[in-house]
Number of protein chains: 2
Amino acid sequence: MSTTLKPAGETRAGDVLARMRSDIISCALKPGTKLRFETLKELYEVSFSTLREALSRLVAEGLVVAEGQRGFLVAPVSLFDLNDLTDVRVLIERQCIKLAIDCGDDRWEADIMANFHRMDRLQSRLGASYYLSDEWASLHGAFHLSLVAACGSPNLLEIRQKLFERAHRYRRMSSQFRPQWRAKDVEHKMIMDRVIARDTATAQDLVDRHIRETTENVIAHASHLFAQGGMGDSFRRKDPVAAE
Amino acid sequence: MSTTLKPAGETRAGDVLARMRSDIISCALKPGTKLRFETLKELYEVSFSTLREALSRLVAEGLVVAEGQRGFLVAPVSLFDLNDLTDVRVLIERQCIKLAIDCGDDRWEADIMANFHRMDRLQSRLGASYYLSDEWASLHGAFHLSLVAACGSPNLLEIRQKLFERAHRYRRMSSQFRPQWRAKDVEHKMIMDRVIARDTATAQDLVDRHIRETTENVIAHASHLFAQGGMGDSFRRKDPVAAE
DNA sequence: AGGTTTGATTATTTCGAAAATCCGCAGTAA
DNA sequence: TTACTGCGGATTTTCGAAATAATCAAACCT
């Protein structure tokens with residue numbers, strides 16, 4: 001579940017929000033699950049109103065959906081959504097990379113290397129199953145964020161972050177079935193190198209491939225868990241690649 | 001069919017949310033204003049919890065900001081935010097246009113023309129001050145949406161819609177000072193023509209210019225209302241144009 | 001006087017009960 | 001059988017009071 005740290009200055013609602021988000025992303029709360037208030041009240045030890053506030057915010061983040069006057073649901077997963085999400089992520093991430101390379105300074109470069117190192121060290125320490133660790137996921141997120149943190153666009157970064165978290169839920173779904181993932185650490189190092197070398201085009205292409213290959217991996221190993229309903233699973237855009 | 005299957009079942013919170021959003025976008029609630037619960041409770045005739053839920057959702061939409069345990073604020077406006085918003089909108093809108101042109105069918109084309117006609121007729125009826133009308137703003141929004149509705153990406157459309165609404169607030173700020181706007185109706189017609197002719201590159205460039213010129217107009221006539229604080233107003237990205 | 005603590009006041013956040021709504025099911029009629 | 005209607009229990013949504021935190025100013029110490 002989630003850690004119940006209560007650092008002073010954090011509202012109760014904010015704390016519940018963070019814990020629920022974490023539980024949804026980690027699939028402790030499974031996609032499509034009906035979220036009953038009585039259950040949640042017991043699980044998170046808060047009252048109706050506080051829950052409702054947290055749920056409302058999660059709706060806006062796309063991790064929960066509101067069903068009219070019939071309560072809330074953990075946002076379902078689907079092949080269509082995963083493909084769409086991936087395409088949008090690629091568009092956003094390419095732009096972030098470009099801007100960061102244009103605007104980044106020395107401190108930005110140092111930050112990237114520091115974050116890579118942290119992630120890399122933990123990876124070695126944990127061995128083959130690093131990808132199951134919440135801590136590694138956190139460092140992995142921090143590394144990818146550090147690559148684009150200097151892009152200078154708060155709006156782009158906020159959109160990116162929300163998409164990243166939703167994608168993380170899909171990654172998580174496949175990791176439980178795939179004891180040995182492909183060697184992403186090599187990819188991460190290559191991306192870092194090209195970004196710091198200010199080689200925009202190559203860095204963009206590497207990140208693009210990094211994202212798409214992960215998606216393909218998820219589809220290969222976890223798509224049997226996806227919802228069948230809604231817009232057809234087999235639908236695929238003609239040209240899913242971002243314009244440029 | 002799948003038109004609007006939302007007959008009567010609207011929650012109170014949803015209603016308040018819509019009204020507050022409208023009031024913020026129309027600047028009836030001015031940017032930077034402290035939102036006191038007692039005031040809002042009286043204004044919208046609902047209780048604490050319901051207000052809190054609406055406010056939480058607006059925070060996620062970027063129209064309201066939460067200040068720790070010190071309540072809520074109407075999101076401030078700034079030159080920096082306007083420029084950033086504009087750049088992100090251009091990136092998203094170009095992609096939407098491209099995808100819509102790739103995927104759109106006959107019904108999509110007909111929809112665009114119907115929406116243009118509605119907007120155009122109201123414009124004629126209202127005369128020179130059409131841009132002050134909420135109804136025109138609504139039809140204008142519907143027209144722009146219809147241009148990209150066929151893009152096939154729910155995620156992209158949702159992001160686009162939120163950005164559009166935030167930008168509308170800025171447009172609104174300048175319209176009160178500018179009795180005679182430039183002839184946007186001509187631009188709209190040109191955009192529609194190029195989109196329906198499936199001339200992707202030209203359509204993208206026209207929409208790009210449409211957005212950026214509006215922003216420049218706002219800056220020219222309303223930037224004196226913007227907040228001074230935060231990141232410097234004069235900051236401008238080196239190359240604000242989307243990559244491609 | 002300058003700066004800090006204390007205490008009263010105001011505003012926000014949380015709670016749990018009360019009202020409104022939905023869902024399933026039985027009963028009735030066509 | 002099929003469709004419609006009305007009840008009973010379960011669930012969600014709303015409310016306003018109570019708890020908690022921030023603000024401000026007067027009193028206090030140095």
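The chains referred to below are lettered A, B, ... by the order of the sequence lines, with proteins before strands, and numbering in each begins at 1. Model, not experiment: these values are computed from the prediction.
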### Task
Starting at the 5' end of nucleotides 5-10 of chain D, put B wherever the base has a protein heavy atom under 4.0 Å, S where only the sugar-phosphate does, and a dash everywhere else.
------
### salt bridge (Lys or Arg N to Asp or Glu O under 4.0 Å) contacts in which one or both residues fall within residues 62-78 of chain B, not counting sequence neighbours
none
### Message
I need the CG-P distance between B:L40 and C:dT13, as an integer number of Å.
### Response
12 Å
### Message
Holding to ring-ring contact (aromatic ring centres under 6.0 Å, His included), I want the full list of residues that pass it with B:F116, two or more places apart in sequence or in another chain.
### Response
B:F143
### Query
Which of the following nucleotides, D:dT14, C:dT13, C:dT12, is nearest to the side chain of A:T11?
C:dT13
### Query
Which is true for A:L51 with a 4.0 Å heavy-atom rule: it touches a base, it touches only sugar-phosphate, or it touches nothing?
nothing
### Query
Do any pairs count as a ring-ring contact (aromatic ring centres under 6.0 Å, His included) and have a residue in residues 25-62 of chain B, sequence neighbours left out, and if so which ones?
none
### Query
With distance as the sole criterion, is a donor-acceptor pair present between the side chains of B:N217 and B:R171 under 3.5 Å?
no
### Sequence neighbours excluded, every pair satisfying salt bridge (Lys or Arg N to Asp or Glu O under 4.0 Å) that has a member inside residues 135-159 of chain A
A:E158-A:K162
### Task
Check side-chain hydrogen bond (donor to acceptor under 3.5 Å, both in side chains) between A:E109 and all other residues, then give those that pass, not counting sequence neighbours.
A:R198
### Message
Once side-chain hydrogen bond (donor to acceptor under 3.5 Å, both in side chains) is applied, do any residues pair with B:E165, and if so which ones, sequence neighbours excluded?
### Response
none
### Task
Take the protein atom CZ of B:R12 and the nucleotide atom C1' of C:dA19, then report the distance between them rounded to whole Å.
11 Å
Restricting both atoms to N or O, compile the protein contacts to nucleotides 16-18 of chain C shorter than 3.5 Å, with distance only.
unit_1, atom_1, unit_2, atom_2, d
C:dG16, O6, A:S49, OG, 2.8

### Task
Would you mind telling me which residue lines up with the more 5' stretch of DNA chain C, A:R70 or A:T50, judged by nearest nucleotide?
A:T50
### Task
For residues B:H221 and B:H224, report the shortest heavy-atom separation together with the two atoms involved.
O-NE2, 3.3 Å
## Note on the structure
B:R52 CZ to D:dC15 P, in whole Å, measures 16 Å
### Query
Which pairs, with at least one residue in residues 27-40 of chain B and sequence neighbours excluded, count as a salt bridge (Lys or Arg N to Asp or Glu O under 4.0 Å)?
none
### Query
CZ of B:R36 versus C1' of D:dA22: gap in Å, rounded?
13 Å
## Note on the structure
Terminal axes of the helix from C:dA1-D:dT30 to C:dA30-D:dT1 (5 end pairs apiece), angle rounded to 10 degrees, sit apart by 10°
### Query
Picking from C:dT12, D:dT13, C:dT14, which would you name as closest to the side chain of B:F37?
C:dT12
### Task
Name all residues meeting the side-chain hydrogen bond (donor to acceptor under 3.5 Å, both in side chains) criterion together with B:R172; count only those two or more places apart in sequence or in a different chain, and write none if there are none.
B:D134
### Task
Report the residues that fulfil side-chain hydrogen bond (donor to acceptor under 3.5 Å, both in side chains) with A:S146, sequence neighbours left out, ordered by chain and then residue number.
none
